[in-house]
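Take a look at the structure set out below.
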Amino acid sequence: MSFGRPPSINVGFKTSPPDRGSFPLDHDGECKEQMMQYMACLRKNSSESTPCRVMSKQYLDCRMTKGLMERDEWRNLGLANLEGDSAEPTRTSS
Amino acid sequence: MSFKLCVPLLKAGRASQSTTHHYLDAFFRCRSLSRSLHTVNTHFLTHLGKSPCSWSTSRSILWRKMATNSHPRTPLNAKSRPPYASRQSLYAARNRNLLMYSSAVIVFAVGVTYAAVPLYRMFCAATGFAGTPNVGTGRFEPGRLVPVDGARRIKVHFNADRAEALPWAFTPQQKFVTVLPGETSLAFYKAKNESKNDIIGIATYNVTPDRIAPYFSKVECFCFEEQKLLAGEEVDMPLLFFIDKDILDDPACRGIDDVVLSYTFFKARRNAQGHLEPDASDKDVQNSLGFGDYEMAPRAEIRNAQPGKSS
């Protein structure tokens, strides 16, 4: 049982690593504002995720802009066709 | 009494002998009959268009042929093939046959060898055998990342732990989030390096209850990779996850309303192979992965480090 080894025949038994790996650390707090907005929205809506998805989209958008995340289409992240979505210009995936 | 029993047995033995003879006899009679029928057929076909008188003469020829055919002129162990001019031609035909069969087998084997490569790849991709990564399994396809409206909400609680050797303050920023199956949600953890040195940490996670583990998928997080925090630095660590909507079809997960997602941060060190791993005992790491109750075999390095001990 070694740490971080690739999945094997018992892969269903073990915890699996994330699809896109790890978020790069936001050392400079560049997206802290969006994060605070998201947290405020969560507190307001009794920690329900659905109303705050627009905020999470904004946060991830900030990360993509600042180079802290690979730019990708929203549908690959499950954040396409959200209600209350402002008409943001959808950027093409890199 | 015993003699009377023996007699029918002896009779049966003799009868069995005669039956084999009888079968062989019948076989050859059938063969000769089929041969005569064959000649009749050919005669009919060849003389179909001819005049009646020629047909009658051919019929007499036919009867004569049949008379000769009824007597089995072939020995007991002959082949039901056309007679060969010589033994050599028989062997030649047999060798040709054998050559055809063996070359067919060789060609088939070579074909299977070529086909084995893509087949093995498909098998590995399907079962994840021998360490094949499960990419492209459709787990993170855009179609799966659509929330199921109207389904019951699942409350995901967040828990944060750290090893004692790690002088960090590691806490979740929200106590829980209620999510729909299939809905990607964002969550945050906060980590602060309270020491005076830059420290590299590495996180593991686990989900309880165990039944939900196959359905709990993380799109992106901060686990399993090194995270370097400078001295005194505080960062927000996001995590994008979702619960697969197949959980609604699983009867074992019907009663699940609460899920606990627990992260544990360890100090990282480089092992003998140069890979980063948690700087803690195996027991602690496995505990943080949720396998604390399971008995683990000792690692190969530990096993081999004790010479003279049988494995």
Side-chain angles (χ1 to χ4, degrees), chain A residues 1-32 34-36 38-39 41-43 45-50 52-53 55-60 62-63 68-70 72-82, chain B residues 127-134 139-140 142 144-147 153 173-180 182-186 188 204-207 213-214 217-225 227-230 233 235-240 242 275-278 282 285-286 289-291 296-297 299:
Chain A
M1 295 271 182
S2 59
F3 178 77
R5 67 171 178 171
S8 72
I9 202 162
N10 302 322
V11 71
F13 202 57
K14 306 247 286 155
T15 48
S16 47
D19 185 41
R20 286 151 193 277
S22 174
F23 275 119
L25 282 185
D26 185 8
H27 290 277
D28 304 322
E30 287 158 352
C31 296
K32 201 171 172 90
Q34 281 84 355
M35 191 206 81
M36 300 311 290
Y38 177 72
M39 298 306 303
C41 168
L42 271 190
R43 256 172 254 135
N45 290 300
S46 64
S47 299
E48 259 186 31
S49 67
T50 315
C52 304
R53 298 193 83 206
M55 308 284 176
S56 61
K57 193 169 178 175
Q58 284 171 6
Y59 176 77
L60 293 174
C62 163
R63 268 202 167 238
L68 293 167
M69 187 174 163
E70 242 182 60
D72 198 359
E73 286 177 43
W74 289 122
R75 60 190 189 89
N76 291 339
L77 296 166
L79 290 168
N81 304 327
L82 289 183
Chain B
T127 61
F129 188 71
T132 317
N134 265 357
R139 228 173 144 197
F140 294 94
R144 298 219 73 94
L145 301 177
V146 178
R153 284 187 171 270
Q173 296 214 12
Q174 65 284 305
K175 285 219 165 53
F176 61 87
V177 177
T178 44
V179 296
L180 288 171
E183 192 181 42
T184 50
S185 315
L186 197 58
F188 288 94
T204 65
Y205 85 100
N206 82 310
V207 196
S217 310
K218 295 191 287 36
V219 179
E220 204 163 348
C221 75
F222 53 90
C223 45
F224 298 119
E225 279 182 35
Q227 310 291 346
K228 185 173 187 181
L229 279 188
L230 307 170
E233 192 185 3
V235 270
D236 303 307
M237 293 175 171
L239 146 76
L240 192 63
F242 70 99
H275 303 300
L276 274 176
E277 61 169 20
D282 257 349
V285 175
Q286 294 302 334
L289 284 168
F291 296 115
M296 304 288 186
R299 286 224 233 160

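The analysis underlying the following values was restricted to heavy atoms, covering all of them including side chains, and did not include hydrogens, waters or symmetry mates. Numbers restart at 1 for each chain; the letters A, B, ... are given by sequence-line order, proteins then strands.
For the pair A/L79/B/T184, a side-chain contact is recorded, criterion being any heavy-atom separation below 4.5 Å from C-beta on. Using a 4.5 Å cut-off on side-chain heavy atoms (C-beta onward), A/M35 and B/Q173 make contact.
Ranking B/S185, B/P238, B/P147 against chain A, the residue ahead of the rest is B/P238, based on heavy-atom pairs under 4.5 Å. Taking chain A as the reference chain and counting heavy-atom pairs below 4.5 Å, the highest number among B/V235, B/L240, B/L239, B/V219 is found for B/V219. The greatest number of non-hydrogen atom pairs below 4.5 Å with chain B, out of A/N45, A/D28, A/L77, is found for A/L77. Annotation: maximal heavy-atom pairing with chain B below 4.5 Å, among A/G78, A/S47, A/S56, occurs at A/S47. The choice from B/K175, B/R153, B/K228 that makes the most heavy-atom pairs within less than 4.5 Å of chain A is B/R153.
Contact of B/E233 with chain A is made through the side chain alone, with heavy-atom distances under 4.5 Å. For B/V177, the parts lying near chain A are the backbone and the side chain together; criterion is any non-hydrogen pair under 4.5 Å. Neither the backbone nor the side chain of A/R43 comes within contact range of chain B; no heavy atoms are under 4.5 Å apart. Residue A/R75 touches chain B through both its backbone and its side chain, counting heavy-atom pairs closer than 4.5 Å. In this structure, no portion of A/M55 lies under 4.5 Å from any heavy atom of chain B. Of the two parts of B/E225, only the side chain, counted from C-beta on, holds a non-hydrogen atom closer than 4.5 Å to a non-hydrogen atom of chain A. Contact of B/F176 with chain A is made through backbone and side chain together, with heavy-atom distances under 4.5 Å. For A/L60, the part lying near chain B is the side chain, with the backbone staying farther off; criterion is any non-hydrogen pair under 4.5 Å.
Atom CG of A/L42 sits about 6.5 Å away from atom CD of B/Q174, to the nearest 0.5 Å. Of the inter-residue distances, the one linking A/M39 atom CE with B/D236 atom CG reads 9.0 Å to the nearest 0.5 angstrom. If you take CG on B/L186 and OH on A/Y38, they are separated by 5.0 Å, rounding to the nearest 0.5 Å.
A/T50 and B/E183 share a side-chain donor-acceptor pair at under 3.5 Å. No side-chain donor from either of B/E220 and A/S22 sits under 3.5 Å from a side-chain acceptor of the other.
Ring centroid separation for the pair B/F188 and A/F23 does not come in under the 6.0 Å cut-off.
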